[in-house]
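Report on the structure given below.
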Amino acid sequence: RYVRQLQRLQLLFSPTAADARGARQFVEEAAQDFARQHPDVVLYVSPHSGPGPAPVLRAEYLNGTVRDELIASKTSEEIVQLATKLANQSGLDIIRIRKPFHTDNPSVQGQWHPLTNKPSILTVRGPRLQ
Amino acid sequence: LLLRAARPLLAGAGRGTGLGTAFSTAPPPEKKRWLRAYLELQRLQAPPQRRSEKPNWDYHAEIQAFSHRVQENFALDLLKTAFVNPCYIESEEARRRQLGLDKDAVALQLQDNTGLAERGLRFARAYLAQCFEGAYPELPAKGVEALVNFLTGQELVSYVAQNLSIQDLALCRDFPAPPDVLQRTFLAVIGALLESSGPERTGIFVRDFFIPQLIGKDLFEIWEIVNPMGLLLEELTKRNISAPEPRITRQLGVSTVLPVYFVGLYCDKKILAEGPGETLLAAEEEAARVALRKLYGYTENRRPWDYSKPKQGLAAEKAISSN
């Protein structure tokens, strides 16, 4: 069955800073809908008063990866899109994929080896081949 | 990462003047370069902490999220009991005794998860054994037992539990939780599901999480056998087929350091199986293993496992009767 890999989202922002306006709008309008649509993700909203670091959306995944995404000067809709993108990701590192294909069954009829189509020693040769 | 604030700090806020709520209890970003380097080193060398001791943790919400993640309805109090380990209760009582509380306050009201874990283990073993007997009817009891032991063994269960975030939710004495604790907790979760939702849903749960771990695994990696030829002879006598006659089918590089022999097993001059090997004995043993795989129906090209919805009633009756 499908198990969503995102464990929890922590929204760390300041209630007075100017660039956290989108974060505050997200908390007022869209955070509850997002939490209702994704019941298997725990959403923590922690405003810290006074000037502090930039507003950040921290995502923790089941395999232990923690991803921080800056949400400074983003609108509420953009934050919703970002949150859904994080919710649909797995926690694997985002690195360059070496090849765009992978298969677990590289061979259907058996991989060729030098003895595949050679007759065995026990095959009896008919009179015509001699 | 110590993120630099995009806006200027208050004047004189260099050395932690009560701005400790930034990122919930992380110290404020320092201005001195050497002090920043030292604090970063301290942070990296600090021992790992439980997730429950870090900021932003709500146990009840996490447990609800866990039940939604696994797409099962649990009775929440049963689930909470399932996460309590006996080592946690002992350590808590010891701590309370050390703090000098009287006996009433020392005794915790929590129950263990040992009962649930036993029930979960029994159900999981019975259900998996039933699955394998249905899917591979030729496989002998020892083989089924070996497969079930592998699937309910410590390593596999603790690996599955780690990737379902049970190590965050489980209450136990040591951190990081040792694999037997994780195994007990996961089996207790299965037991709790059995009590809440009944044997059918628990069977589907066990099937969905344990059987995919067999993908890519070979039968004889899991089931160690000592004498494949003897086992093959027994199997053939059971089916009234004559003893196999080994013959060399192909050989390459006989006089070199790395020869390859293909030995075929023939019963009544019909081929049974063929296996490669470095020496003649090794090739014969491998051919016996290939023959056993074919007889038990556990080859690589068998039909994949059937994960469709089971028919109502049959599976439940069998599971209840085997319990």
Side-chain angles (χ1 to χ4, degrees), chain A residues 1-14 16-20 35-36 38-56 58 60-64 66 68 70 72-73 90-91 104-105 107-111 113-116 118-123, chain B residues 1-10 13 18-26 28-29 51 55-58 60-72 162-165 167-168 204-205 207-209 215-216 247-252 260 262 264 266 269 271 274 276 300-301 307:
Chain A
R1 64 186 64 177
Y2 173 62
V3 173
R4 192 185 291 279
Q5 293 291 316
L6 181 63
Q7 255 189 323
R8 57 188 80 91
L9 275 174
Q10 298 177 29
L11 192 57
L12 307 162
F13 64 103
S14 155
T16 39
D19 52 0
R36 236 161 251 162
H38 301 92
D40 39 8
V41 176
V42 191
L43 181 62
Y44 292 99
V45 171
S46 51
H48 46 77
S49 53
V56 108
R58 185 173 285 175
E60 287 178 41
Y61 290 93
L62 286 182
N63 58 357
V66 177
D68 290 331
L70 279 181
S73 312
S90 85
D104 282 329
N105 305 303
S107 147
V108 173
Q109 297 179 4
Q111 228 182 14
H113 51 86
L115 292 169
T116 320
K118 291 237 160 74
S120 83
I121 306 173
L122 305 173
T123 346
Chain B
L1 279 177
L2 281 177
L3 282 181
R4 281 180 170 250
R7 53 196 104 77
L9 294 171
L10 277 177
L19 293 178
T21 47
F23 279 161
S24 322
T25 71
R51 183 65 186 81
N56 279 334
W57 175 261
D58 183 3
H60 186 75
E62 294 279 343
I63 289 200
Q64 279 179 324
F66 175 77
S67 65
H68 280 288
R69 202 177 293 143
V70 186
Q71 294 168 18
E72 295 286 348
Q162 282 258 345
N163 288 51
L164 283 175
S165 79
Q167 84 276 18
D168 289 336
I204 299 178
F205 181 90
R207 182 199 72 181
D208 281 343
F209 282 101
I215 294 176
R247 297 271 186 128
I248 303 179
T249 334
R250 307 180 164 100
Q251 55 185 18
L252 277 184
V260 172
F262 271 76
Y266 288 85
K269 301 187 190 153
I271 187 117
E274 196 186 7
E300 274 195 24
N301 58 354
Y307 288 101

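Each chain gets a letter, A, B and so on, in the order its sequence line appears, and its residues count up from 1. Note that the structure is predicted; figures quoted are calculated from it, not measured.
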Below 4.5 Å, heavy atoms only, C-beta onward: do [X] and [Y] meet side chain to side chain?
X	Y	answer
H38(A)	H68(B)	no
R51(B)	R8(A)	yes
L12(A)	N56(B)	yes

At a 4.5 Å cut-off on heavy atoms, which part of Q5(A) comes close to chain B: side chain, backbone, both, or neither? neither
Using heavy-atom distances under 4.5 Å, tell me whether L11(A) contacts chain B through its side chain, its backbone, both, or neither. neither
Can you check whether P55(B)'s main-chain N or O pairs, donor with acceptor, with Y44(A)'s side chain at less than 3.5 Å? no
Run the numbers on V70(B) and R1(A) for side chain to side chain contact (heavy atoms under 4.5 Å, CB included), then give the verdict. CA-CA 8 Å; V70(B) 186; R1(A) 64 186 64 177; 4.3 Å; yes
Heavy atoms only: give me the nearest L164(B)-L62(A) pair and the separation to one decimal. C-CD2, 4.0 Å
Can you confirm whether more than 12 heavy atoms, excluding those of E300(B), are under 6.0 Å from its CD atom? no
Give, as side chain, backbone, both or neither, the part of [X] having an atom under 4.5 angstrom from any heavy atom of chain A.
X	result
Y307(B)	neither
F66(B)	neither
Q162(B)	backbone
I204(B)	both
D168(B)	side chain

